[in-house]
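Quick notes on the structure that follows.
Chain letters run A, B, ... following the sequence lines, proteins first, then strands; residues in each count from 1.
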Amino acid sequence: MAKKQEESLLGYDPLAWMNEEPQGEEVSAAQEQEQVASATEHSSNAQVTQENQLKVVLEAVQNIQNVANLREEIISKLENSLGAIEIDASAVNSIDTATLQLFVALKKETDRLERVLVFDFPSERFLEAANLIGVSKLLELDKSASGFF
Amino acid sequence: MNARVVAIFNQKGGVGKTTTSTNLSHALAKAGKKVTVIDFDPQGHLSISLGMLNRQASGIDAVLLDGADVSQCVIPMRENLQLIPSGPKLHDIELMSTGGAKRSEILRHTLLNDFQDQDYVFIDCPPSSGLLVANVLFATDEILIPMSSDFLALQGLSDLIKTIRKFEQVLKKKYKTQIVMARYTSSRKFSKEVLGKLQQYFPQQILATVIRETAVLSECTSFGMTIFEYRPKSVSANDFHNLAKDFLQGKVM
């Protein structure tokens, strides 16, 4: 909660996060440097961005060949952030059981740590695969805006 | 020429979505604009507000689920104002886990092609952020957000903007977003602070006229009348008349 401002009846500003967003072209040199460093750091299969939450954007094909990199990336980010974890699954055309097992383990870990895990826009292929092996409910995919991509 | 399609959307309930849909659309119709309103809320409150009590009539549900022609579902309600009701099966869509893309495409195609004789199409969204709203956000490019002047509405707006940003990111488009202060208690200092906070974060995006909260706005719904029929000389009728002018002229604060 934010500190109550003098003479204000609003104790907490729910929109304050909007001030922290980078404003399009107005990126300072320091921010630019940070972005370059961040982009260099993430060279594995998943694109990971740090906003208020940890965000992981899955690639079209998620399988045994790239699951190890994805795991390392997620673990590293889990250890270095405290916010919610968002996994953008909108682009997934193909996903194997190894990756889904990783997400099951991740879900159990986030539950244990009382962290929030959200799958954003899971594609129909992602949903089909999760349904097939019976993990949709565990991953709470029914709460997502699903089946759109 | 294509109609201007506007989603009236706020996932929080009680902020004045349906009141805005009903009275803004009628104000525009009275100004000579051809307006269609789509009741996208399975509760069917927009239809009821406009005086349509038959909740079994097919509507946008039949278009999205059964491939019905939209012309079969259109109901003329007032001069220049027509309604597409929600229909009894619209709620089923919220429970489906697949087919969202197909329904969104149907909706987008319908909005692009079947309303060319209309000036405006308003979609009254349900108070949720589920699949129905996702369908609408996929198919439209413009959002009007009704707000009430209380703290929880601000908190809800924060979540709403995050939802919109997610859709913008995934769909790679930028919505034209405007806000209307649809339930404003002018006697409260707190309301002024909430409005000030909105102006701080959304400059040039808030329609210039605020809709003051009045008893007559609540009462007219139960008669199936708009404010222009129920109390045409009231401050609320005047507010909505001015809001429609702002909307047409792009007058913002």
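- At a threshold of 4.5 Å between non-hydrogen side-chain atoms, the residues Leu171(B) and Phe121(A) do not count as touching.
- Tyr201(B) and Asn19(A) get closest at one heavy-atom pair: OH-ND2, 3.3 Å.
- The line from CG of Leu10(A) to CD of Glu193(B) is 5.0 Å long, rounded to the nearest 0.5 Å.
- No more than 12 heavy atoms of other residues, nucleotides or ligands sit less than 6.0 Å from atom CD of Gln65(A).
- Between Gln169(B) and Lys55(A) there is a side-chain heavy-atom pair separated by less than 4.5 Å.
- We find the CZ-CG distance between Arg188(B) and Leu9(A) to be 10.5 Å, quoted to the nearest 0.5 Å.
- Across all their heavy atoms, Ile161(B) and Trp17(A) have their closest contact at CG2-CH2, 3.7 Å.
- Scanning both residues, Ser158(B) and Pro14(A), for their nearest heavy atoms gives OG-O, 2.9 Å.
- Applying the 6.0 Å contact sphere to NZ of Lys251(B) captures no more than 12 heavy atoms from other residues, nucleotides or ligands.
- Annotation: side chain of Arg165(B) is in contact with side chain of Met18(A) (closest heavy-atom distance under 4.5 Å).
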